Each structure stands twice: as structure tokens, then as C-alpha cells.
Amino acid sequence: MIAGIDLGTTNSLIGVYESGFPTLLADTDGNRLTPSVVHYGADGETLVGREASRMEALHPERTISSVKRLIGRRFGDEGTEGIAGSKGAPVTIPTHGKNLTPEEVSSEILKKLKSIAEQRLGTEITRAVITVPAYFNDAQRAATRRAGELAGFTVERIVAEPTAAALAYGLDKLSDRSKVAVYDLGGGTFDLSILQLDHGVFEVLATHGDTQLGGDDLDEAVAVLIAKKAALGDLPLESQIRLKAAAREAKERLSTEESFTLRLPFLTGGNTGEGKGGTNLEIPLSRAEIEAVCEPIIRRTRAHCLRSLEDAGLRAEDLDQVILVGGSTRMPLVRHIVQEIFHTEPNLSQHPDEAVALGAILQGAILGGNLQHVTLLDVTPLSLGIETFGGLMNVIIPRNTTIPTKAGEMFTNAVAGQSGMTITILQGEREMAADNWRLGSFEIPFPPSPKGAARVGVQFSLDADGILQVLARDTAGGTEKIVEIKSAVEVSDEAVEAMLAGSLEHAFEDMDARIFTEARLKAEEMLPAVEAALEQLAEELPQEEISEIKAKAAEVTSALEAKETARLKQSLAALDQATQTLATKLMEKAMG
Ligand code: AMP
């Protein structure tokens, strides 16, 4: 198994390709993002991720963040301004009396990711694909590879982030020579890369960006806006940090909400104080307000986009796709500006903050040979579905669907007071459940509900290995059950042929059986309802109308008993017709 790793400036992610799907792995607290922060404790213990982030404010001198900015750099290079060292020598970072190399620090992050994956999978992971920005030079790539090796990985490949993202967006399926722009605006950096697909492999034609432009700058601008609106004076460092975190929260909330009231209790140091406890801030903010202060910052990405296009010798119109990467591209304004720059709507089909990691996982799966199934385009030999009321086959994944695939439907209870459903999984092409093959069956309980009130979602996922997982969930109560069926695709050719021949041979009877069953269900519902209504409204209807309705109902009962489909359908229609006045009166009565 080859893990895929997005080793980011602020956050890192790891995942593997698991039975047909790229899966990001979470730590024991359920977090898939691990902050790229390392803390070297006085007791010799090294902390990584969230725990290290918490130590940053207390012991900045023992805590290292954004080490990606330094990896593979030499003193005097861009980004090394704050650190003392002789010009031209590889950068080292003085921490607790030692000089650490950036690859040593990065290796701690990678070790942490490795342990998250191993804990979650219960097996050792020794091979990995790691992503780096497209603009990383050979020294930076080699240093990243060394960090991986120090962490105990065999680094199978270093992949450019935009290439990984394009893989995650499935763009390797575009036609040859397609051109793609990858707009990546994260927390601290921006880059725009132009890729061209060449025989299934992406080539980076151009890349431009700014290593000091990202969501952090937007947070800063929003914090200034808040301070201005609240007329805050100088704030102590701790309050500034809290204000910045609140600004970030407001910014993220306003990506989906139009307005948001920021509440910050006990923010000390303001000049609108409410006594010695400090200021309790309550500031209403609108999306338009924060967009106004963020816009000039986001507009700075435009020049880089144009430079990249120019370097690649292309115009915006030559691009086949524009994809978004990085958490900051969740902002509607960013999407709007991207559209303005490229005169085309960006592809929004993937989570922008996970695309790079997912692409790394896919690259790992390709190198490990796990993705062959997908390229072979395996298909389902027969339809898969469940049995519904009346013994009918309800298809969920039709025959000849390319796998892996996932599909689902919502079902409800047919009978009042019903307190559970039997999910019977079927395979085959026949209309009646009984003529198909039964793959398995299980119960999903729910609280007794009136007819049609229960809601049970049933989802089928079929992975590339042909393993079918059926999940049923009572959406109100939350009860959930999953069963796994191994043999959903492994059906012998003869059996498939026999099933298809059977479905052709019995096509007419089958259709008749389905129509009869549907009519029977309707009759069984209608007859008691008509009887009850007649009882209720006996006084208000002329005698001959009552007799006519009773005669029509008797005809339905008799057709039902005789199992005659056409007669049943006709008599149901006649009963429907005869009860029009009855239905109207009933409705009027119900409405008072
Ligand atoms: P990344 O480097 O891709 O992890 O992106 C991190 C940046 O994305 C941070 O600046 C976040 O504040 C920002 N971000 C995450 N979610 C949102 C959101 N919903 N709206 C705006 N920015 C977001």
C-alpha cells in the first residue's frame, strides 16, 4: 500500500487507496488536517500537530511552523531573512541549543502522519508519494524526499501539487493536449499553474505565484476591519491573536452565510471597555463588508495568472478547465474573480482543500497497480437492487454500470404502525423479486410510524474489487446498518446469460406481474378507504350513488380475486370515477 501525503505549509494530510476509493485518514480525534507545526519540549519530547500548535504561543522559541518555506533553501535565499547563518550554506534552524535542518523538522511531521495512518489501518506503511509546489527546484524536491526517508518512508515519487489536484479532479480523462489552469490559494501561499495533458501525463507548462499571499492576509484585513468597527485601541499580543482567530472564523462563516455576528467576550485592552474585565465585543459583519477589504488582496493573484498564461503562450480561451485548490477558494469572491480572470466558470466538483492529498493518494494507487481495475472499466454484469412492497424488484445500480459506483434511494413504510423494514438485496433482471437472486437480507428498525412517515435511506456502494456495501439508515432515528457482500460482480458468464435469457423470455409475464402487483397495492389501499368514507358520509349522499360505488368496489374485489390484470385496472379506474363526489365531500369535511 502506498500512502499519499500533502505536506503543506500550514496543514498536512495523509491517505491511502482503500477498496476502490481514495480515503483521507483521521487521527483518533477525527481530524484529517494535521497542523504542520513541531514543538521540541524541554523534557526532550517532540510534539507535532495540534498539540504543537497549542505550545506555539507559550514557547515560540521551541516551536517551528511553516518549515516548508525553508526546506531546500540556503542562507540568503528568499524566506531566510530572519535567521542568522553564513550566506550560501544550507539553512538550519536554531532551536533549544541545536541547529535543526528543515528536513529533520519536516520528517517529524511525516512521522506523525505515518503513525496516524498506521494506527488507523493497523498495519505498517512504508511507501509514500509526497506532493510539493510546482515551483520547487531540485534542491527543494530532494530535501523533501530526504525528509520522507528520515521518517521511515520509501518515497516512491515527488509529485507537483497542481498535477495531484488535476488527478483528483479526474482531468487525466480529458482528451490529449487538454490544457488546465490550477488556481491554488491556501493559507499562506498562492500559485497558478498551467498544465497540459500529454498521453495521460500532466506536464507543467508554467507556474507563477506569491509565497506570501493567502488566507492569512485576508484574516489580517478582516481583523483590521473589526478593530475599526469596534473602535479598538492597541491590543496586547494575546488579544491580537484572539482577534485574528475570530476574524478567520468570521471570514470562513461568511463564505456560506450573508451575515454573521461576531461575539468576543472579555477582549482586553480596548477603549470601549466595560470595566476592568475588558471589552465584550458584539460586531455584526456582512459578506459585502469583508469582501470590500479582501478584494484588493485577492486581485493581486490576477497578475500571476496573466504571467503564467503568457509564459505558456496561451490565452484564457485556450484553457479547457480551471480548477480550484486551497481552502481560500471556498470564498465566493475568489470564485468570482477567478471567473473574471479566465472568462470561464471554475470547476467546483472537488473539495479544494483536499484535492492535492486525494491526487497524491491516486498517484500512489497508480504506482502500486491498484488502479488497474478502474482503467479496465469493469461493469456490473447484472442489476442490483432491493425488494420493495408487494415483492417487486427496485433497481439501485443498473446492469452495465461502470464500477466503482455508488447510488441510493429513500424508502418509506407502506403500512401504518410499521416499526422496521427488511432490506432484501437482489441481483437480476426480472421484475418480481422472487425471480431474482437473493444476495442477503437484514432488518432496519425504526420507531412505529404512520404510513409514509418513516424515511429509510438505502445506499449501495460497489468498489473496484466488486465488493458491495449496502448501508441503510433510518434518517429520523439515526439507526444505521451496513452489510458487505463479496460476490456481487463475480458471477459466471453462464449464469448471467441464463438470467438475461430468462428476463427476455418472461418479459411480457414479468411486466404483467409488475402491473398486477402495482394495481393490487392500489386496490388494497383504496377499498378500505372507500368503505370508511361511505360510513362517514352515508347521510350526505343519494342512495343510488352509494349503491353505484358499492357495485364498483365489488367489481374491484372480484377482479382482484380472479387475478385479472386488465379487469383490475379498469375496475379501479371506474371506482376512481364513481368516488369523485365522495372524495370532494370528504376533503371539504376535513378542511372544516
Ligand atoms: P489550505 O492551505 O488549503 O489548508 O487553506 C487554508 C486557508 O483556507 C485558511 O486561510 C482558511 O482560513 C481558508 N479557508 C478554509 N475554509 C474556508 C472558507 N469556508 N472560506 C474562506 N476561507 C476558508
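All ligand and atom numbering here is 1-based and tracks the order in the structure. Keep in mind that this is a model prediction, so the values were computed, not measured. Heavy-atom basis, side chains included; hydrogens, waters and symmetry copies ignored.
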Peer 1: With a 4.5 Å limit on heavy-atom distance, are the side chains of Gln339 and Pro346 in contact?
Peer 2: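 Yes. Closest side-chain heavy atoms under 4.5 Å.
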Peer 1: Would you please name every residue forming a side-chain hydrogen bond (donor to acceptor under 3.5 Å, both in side chains) with Ser12, sequence neighbours left out?
Peer 2: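 If we apply the side-chain hydrogen bond (donor to acceptor under 3.5 Å, both in side chains) test to Ser12, skipping adjacent residues, the hits are Ser36.
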Peer 1: Taking only Lys NZ, Arg NE, NH1 and NH2, and the carboxylate oxygens of Asp or Glu, determine whether Lys98 and Glu104 approach each other closer than 4.0 Å.
Peer 2: no
Peer 1: Answer yes when Lys111 and Glu108 have at least one side-chain N-carboxylate O distance shorter than 4.0 Å, and no when they do not.
Peer 2: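 The answer is yes: the pair qualifies as a salt bridge.
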Peer 1: Enumerate, one pair per line, all nitrogen or oxygen atoms of ligand 1 lying under 3.5 Å from a protein nitrogen or oxygen, stating the separation to 0.1 Å; write 'none' if no such pair exists.
Peer 2:
{"residue": "ligand 1", "atom": "2 (O)", "partner": "Gly187", "partner atom": "N", "Å": "3.1"}
{"residue": "ligand 1", "atom": "3 (O)", "partner": "Gly327", "partner atom": "N", "Å": "2.9"}
{"residue": "ligand 1", "atom": "5 (O)", "partner": "Gly327", "partner atom": "N", "Å": "3.2"}
{"residue": "ligand 1", "atom": "8 (O)", "partner": "Ser328", "partner atom": "N", "Å": "3.2"}
{"residue": "ligand 1", "atom": "10 (O)", "partner": "Lys251", "partner atom": "NZ", "Å": "3.3"}
{"residue": "ligand 1", "atom": "12 (O)", "partner": "Arg248", "partner atom": "NE", "Å": "3.2"}
{"residue": "ligand 1", "atom": "12 (O)", "partner": "Lys251", "partner atom": "NZ", "Å": "2.8"}
{"residue": "ligand 1", "atom": "12 (O)", "partner": "Glu252", "partner atom": "OE2", "Å": "2.6"}
{"residue": "ligand 1", "atom": "14 (N)", "partner": "Gly327", "partner atom": "O", "Å": "3.4"}
{"residue": "ligand 1", "atom": "20 (N)", "partner": "Ser255", "partner atom": "OG", "Å": "2.6"}

Peer 1: Whether Glu257 and Arg287 form a salt bridge (side-chain N of Lys/Arg under 4.0 Å from carboxylate O of Asp/Glu) is what I want to check.
Peer 2: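 No.
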Peer 1: Inspect the contact between Asp353 and Arg330 and indicate whether a charged nitrogen and a carboxylate oxygen are less than 4.0 angstrom apart.
Peer 2: yes
